[in-house]
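Indexing begins at 1, ligand by ligand and atom by atom, following the structure's order.
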Amino acid sequence: MLVEGYRQEFWLPPNPRAKHRRCYAHLDGDIAEVLPYLNTVLGGYQYYRNPPRLALKFQARLITLYPQMIAINMVDDEAEAEKILLWLKREINNTWKNRSAIKPSFEVSPKPRVLDILKLLPKDNCQECGLPTCLVFAVQVSEGARLYNDCPKLDPLSRSKLKECLNPCPPTA
Ligand code: SF4
């Protein structure tokens, strides 16, 4: 088992409009060697060899795995962070255990296109999300800096389509 435990640390961005915290999990093991295998299993968003790190999208959040740390850019609370971390711990350890049957990947998945996201937004530019326009919101969602759910004006169909477009990882945390 590569990871048995971790220590969570939370950080609240200084922006007074920020609704989410960042979570850093300091790991008790080194996961550098499993990262290319995880890239195959989970479909990485960005992968770097040196220093090794893998970025993933999970329910539109950006999660970065470093050799001894996991950073989650947006969580509502400790319970949500714990749910995501337990899922990652399971994926890390299972992938390491089964690595002989997995072809490591050093490639990355394409980013969701800003225009594809924008098409599903109301395009009201109402600023209720705290951003000046829907386009800026779409750019930030594409980069993983905002959640699609942060737009309160999304209708259920667009919400569901956005979820599908932004969620290449299995939603099984
Ligand atoms: S809240 Fe939604 S509709 Fe309003 S500006 Fe933000 S993304 Fe656009």
Next item on the list: Mark yes or no: Arg99 above the aromatic ring of Tyr37, with NZ or CZ under 6.0 Å from the six-membered ring centre and no more than 45 degrees from the axis.
Entry: no
Check: Looking at Phe106, does the NZ or CZ of Arg49 lie under 6.0 angstrom from its six-membered ring centre and within 45 degrees of the ring axis?
Finding: yes
Checklist line | Passing option when Arg21 is tested against Asp76, Asp77, Ile72 for side chain to side chain contact (heavy atoms under 4.5 Å, CB included) | finding: Asp77
Notebook entry, point to check: Got a sec, which residues hit side chain to side chain contact (heavy atoms under 4.5 Å, CB included) with Ala138, two or more places apart in sequence or on another chain?
Noted result: Val114, Ile117, Leu118, Leu121
Next item on the list: Spell out, as yes or no, whether a donor-acceptor pair under 3.5 Å connects the side chain of Arg146 to the backbone of Gln140.
Entry: no
Checklist line | Check: Asp30 side chain, Gln68 main-chain N or O, donor-acceptor pair, under 3.5 Å | finding: no
Margin query: What count do you get for protein N, O or S atoms closer to atom 6 (Fe) of ligand 1 than 2.8 Å?
Written below: 1
